[in-house]
Amino acid sequence: MPWLLKSEPDCFSILDLAKSPKRTTFWDGVRNYQARNFLRDSMKLGDRVLFYHSSCDPAGVAGTATIVREGYPDFTAWDKKSDHFDPKASESNPIWQMVDIQLEEAFTDLLPLPALRDVPTLKNMELLRKGSRLSVQPVTDAEFAAVLKLADKLGLRAKR
DNA sequence: GCCAACGTTGGC
DNA sequence: GCCAACGTTGGC
């Protein structure tokens, strides 16, 4: 199943991912139980990911990635120096999970959120639901394909 | 920077 | 177990 992962580009952008060793990173800092359950139970090796930039202007889809390691304990949770430190977590009780993702394709430019709202296929997409804040979201195959198709149409996919 | 929507906390 | 208060998210 495809997924959508949100990141604030000021914190970690798709360019940061592109510059990472092997264009791969661990997806740490998720501190929401519903999102945690997706990371732990549902994300599978090889699943594709829409990399979404949130809290920026405009917000939108920045590219795609794939899951290259399935859920494992998020060790930043018991690192006191981490921004994502959680006093309730420990090595023996990790609470939080993360996955590793590898960059697949960075769009040449952001696919802006308002453009997604114009696509009929995406009408029920979790991202577009009013009040939706989930930072790890399942995406249907049809939705994933529709986003890529729109990126094509807007000329945001340079390499082939 | 505003504020609506949501999740979490904690008193009862 | 309810629910008010609070903190956070994230589009605008």
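A, B, ... follow the sequence lines: proteins, then strands. Residue 1 opens every chain. Only a predicted model underlies this, so the values are computations on that prediction, with no experimental measurement involved.
- When heavy atoms are screened at a 4.0 angstrom cut-off, A:Arg31 is found touching no nucleic acid atom at all.
- Donor-acceptor pairing under 3.5 Å is lacking for the side chains of A:Asp100 and A:Trp27.
- A nucleotide of DNA chain B counts as in contact with chain A when one of its atoms lies under 4.0 Å from a heavy atom; the first and last such, 5' to 3', are B:dA5 to B:dT9.
- Two residues are said to be in side-chain contact when any heavy atoms from C-beta on lie closer than 4.5 Å; A:Phe75 and A:Ser82 fail this criterion.
- When only modelled atom types and interatomic distance are considered, A:Ser54 and A:Glu8 share no side-chain donor-acceptor pair under 3.5 Å.
- Remark: A:Arg40 fails to qualify as a cation-pi partner of A:Phe38 under the 6.0 Å distance and 45° angle criteria applied to the six-membered ring.
- The closest side-chain donor-acceptor pair between A:Asp86 and A:Trp96 falls under 3.5 angstrom.
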